[in-house]
Protein chains: 2
Amino acid sequence: MTTIRGVANNGGGTTRKPSVNLDEVSKTIIELLQHDGRKSYASIAAEVGLSEAAVRQRVQRLLEADVMQIVAVTDPLQVGFQRQAMVGLRVSGDMTAVADALTAMDEVSYVVTTAGSFDVLAEVVCENDNHLLELLTSRIRPLPGVTATETFVYLKLNKQLYNWGTR
Amino acid sequence: MTTIRGVANNGGGTTRKPSVNLDEVSKTIIELLQHDGRKSYASIAAEVGLSEAAVRQRVQRLLEADVMQIVAVTDPLQVGFQRQAMVGLRVSGDMTAVADALTAMDEVSYVVTTAGSFDVLAEVVCENDNHLLELLTSRIRPLPGVTATETFVYLKLNKQLYNWGTR
DNA sequence: CCCCGAGCGACTGATTCCGAAGATTTATCT
DNA sequence: AGATAAATCTTCGGAATCAGTCGCTCGGGG
């Protein structure tokens with residue numbers, strides 16, 4: 001349940017946003033919230049030199065424009081998902097359709113179309129090996145246009161960052 | 001600046017956490033915060049049937065145990081990063097050292113050691129093509145033990161989820 | 001020149017956050 | 001079992017924050 005859109009998928013048919021241009025103040029606000037999503041508007045205001053209300057309005061604008069979203073991110077292992085993997089797919093024909101189909105799957109947390117020996121990369125989050133096996137054989141590989149897949153089972157998640165800063 | 005740890009790296013030398021076991025209430029709290037990281041404790045309490053203070057204590061515990069973190073996640077394209085790529089690496093010898101070296105790089109947002117034809121997968125976030133090129137040729141490929149790399153430049157980010165729910 | 005909209009500061013009531021203290025449940029040890 | 005210790009919950013009051021709203025200023029058209 002609870003299908004939530006990702007940050008950057010503007011292919012889902014939602015209303016298009018006017019791509020706000022970020023000034024230095026907004027970038028600083030973003031960076032502060034990348035460290036602590038619950039930081040108070042007042043303390044942010046003190047750091048960037050605006051009033052509390054102005055910061056609040058900016059944050060609201062950034063959220064509505066989908067420039068950022070403030071959420072809890074979890075360690076998959078600690079919330080009951082024992083198997084993660086990256087799946088590389090080679091596709092003949094329209095890879096958009098394949099990407100869309102993958103995007104629609106609950107177990108798929110990440111889909112990107114790439115230039116390289118794989119056309120699409122998808123990260124999947126499964127509860128166990130059987131779950132992963134079923135997902136791969138019954139639902140991913142049969143997708144029309146998929147000519148080959150290669151699965152990279154995660155052994156260890158070394159780094160997982162959500163805050164790259166801003167430029 | 002401000003190198004922030006990821007969620008799941010317990011290899012960085014930080015204090016070990018006692019891996020809290022999650023009951024249904026905590027899972028519900030997490031799922032609510034996965035939708036809105038700024039949701040008030042009071043409204044969460046109303047939904048899970050606890051007092052506001054109890055919810056606050058649980059959230060604090062979850063944060064300290066690194067089960068989750070509440071942060072702002074951004075759309076890389078909208079904050080000035082034009083080039084993203086997944087880099088697959090083949091490594092001879094100790095892949096832990098390679099993974100650690102990648103983890104230490106600011107441009108690297110994601111590092112995972114895998115079982116498959118690649119030993120390590122790393123996602124990199126760059127400002128432009130020159131930046132990506134420099135990173136690959138001068139800093140990633142020369143790493144000791146790296147025998148081959150393959151780069152998948154992102155054409156389109158289709159899906160990017162941070163909330164898989166809980167099991 | 002004037003209108004108009006965007007963005008900001010100031011203000012206020014309602015809500016929320018926060019820390020502490022006490023009560024209750026759960027776990028541990030003998 | 002029984003007692004002790006640890007963990008977790010509720011209650012509570014004061015401080016801080018949040019969420020609106022209003023008026024002001026600054027620029028850009030018409």
Side-chain angles (χ1 to χ4, degrees), chain A residues 4 14-75 77-80 163 166-167, chain B residues 4 10 14-75 78-80 163 166-167:
Chain A
I4 288 290
T14 45
T15 56
R16 178 155 294 277
K17 302 300 179 179
S19 76
V20 205
N21 62 328
L22 305 177
D23 58 6
E24 280 310 310
V25 175
S26 287
K27 288 182 180 179
T28 305
I29 292 174
I30 291 175
E31 287 175 6
L32 292 172
L33 287 172
Q34 281 176 331
H35 293 304
D36 176 9
R38 276 188 163 260
K39 191 172 177 62
S40 74
Y41 296 134
S43 63
I44 296 173
E47 293 200 42
V48 302
L50 284 186
S51 71
E52 175 263 348
V55 171
R56 181 155 32 89
Q57 290 162 4
R58 276 182 184 245
V59 170
Q60 209 131 16
R61 241 176 293 144
L62 292 171
L63 293 176
E64 282 168 8
D66 263 350
V67 174
M68 67 172 180
Q69 57 184 140
I70 299 175
V71 295
V73 296
T74 55
D75 176 358
L77 284 175
Q78 293 208 49
V79 296
N163 37 4
T166 56
R167 296 297 156 95
Chain B
I4 288 290
N10 247 329
T14 45
T15 56
R16 177 153 294 279
K17 302 300 177 180
S19 77
V20 206
N21 62 328
L22 305 177
D23 58 5
E24 280 310 309
V25 175
S26 287
K27 289 182 179 178
T28 305
I29 291 174
I30 290 175
E31 286 175 5
L32 292 172
L33 287 173
Q34 282 176 330
H35 292 302
D36 176 10
R38 277 188 163 258
K39 190 172 177 63
S40 74
Y41 296 132
S43 63
I44 296 173
E47 294 200 41
V48 302
L50 283 186
S51 70
E52 174 263 345
V55 171
R56 180 154 36 91
Q57 290 164 5
R58 277 182 184 245
V59 170
Q60 207 130 13
R61 241 176 294 143
L62 292 171
L63 293 176
E64 281 169 8
D66 264 349
V67 174
M68 67 171 181
Q69 58 184 141
I70 299 175
V71 295
V73 294
T74 56
D75 176 358
Q78 293 207 47
V79 296
N163 38 4
T166 56
R167 296 295 157 94

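By convention in this document, chain letters (A, B, ...) are assigned in the order of the sequence lines, proteins followed by strands, and residues within each chain are numbered from 1.
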Without decimals, in angstroms, what is the distance between A/Arg58 CZ and C/dA6 P? 15 Å
Mind calculating the distance between NZ (A/Lys39) and C1' (C/dC17) to the nearest angstrom? 15 Å
Please evaluate residues A/Glu52 and A/Arg56 with respect to the criterion salt bridge (Lys or Arg N to Asp or Glu O under 4.0 Å), reporting the C-alpha separation (whole Å), side-chain torsions for both, the decisive distance (0.1 Å), and the verdict. CA-CA 6 Å; A/Glu52 175 263 348; A/Arg56 181 155 32 89; 3.2 Å; yes
Please check the phosphate of D/dT17 (OP1 and OP2 only) for any side-chain N or O of A/Ser40 closer than 4.0 Å. yes
Measure from CG on A/Leu22 to C1' on C/dG7 and round the result to the nearest Å. 16 Å
Check: A/Ser43 side chain, A/Ser40 main-chain N or O, donor-acceptor pair, under 3.5 Å: yes
Report yes if some heavy atom in the side chain of A/Leu33 is under 4.5 Å from a heavy atom in the side chain of A/Ile44; otherwise report no. yes
With respect to the side chain of A/Arg56, which nucleotide from D/dT17, C/dC17, D/dG20 is positioned closest? D/dG20
What's the closest nucleotide to the side chain of A/Leu50 if the choices are C/dT16, D/dT10, C/dG9? C/dG9
Figure out the CD/P separation between A/Glu52 and C/dC17, and round it to whole Å. 14 Å
Rounded to whole angstroms, how far apart are CG on A/Asp36 and C1' on D/dT17? 14 Å
Closest to the A/Ala54 side chain, choosing from C/dC18, D/dT10, C/dC8: C/dC8
Whole-Å distance separating the CG atom of B/Leu62 from the C1' atom of D/dT8: 13 Å
Students often get this wrong, so: under 4.0 angstrom with heavy atoms, is A/Ala53 touching a base, only sugar-phosphate, or nothing? base
Verify, without hydrogens or angle tests, whether A/Arg38 (side chain) and B/Gly37 (backbone) share a donor-acceptor contact under 3.5 angstrom. yes
Atom CG of B/Asp23 and atom P of C/dT25 are separated, to the nearest Å, by 17 Å
What nucleotide among D/dA19, C/dC8, D/dC9 has an atom nearest to a side-chain atom of A/Arg61? C/dC8
Among D/dT10, C/dC8, D/dC18, the nucleotide that comes nearest once only the side chain of B/Gln57 is considered: D/dT10
Apply the side chain to side chain contact (heavy atoms under 4.5 Å, CB included) test between A/Thr28 and each candidate in A/Val25, A/Leu32, A/Ile30; give the one that qualifies. A/Leu32
Among the nucleotides C/dT16, C/dG7, D/dC18, which one has an atom lying closest to any side-chain atom of A/Tyr41? D/dC18
Could you state the atom-to-atom distance from CD of B/Gln60 to P of D/dA7 in whole Å? 16 Å
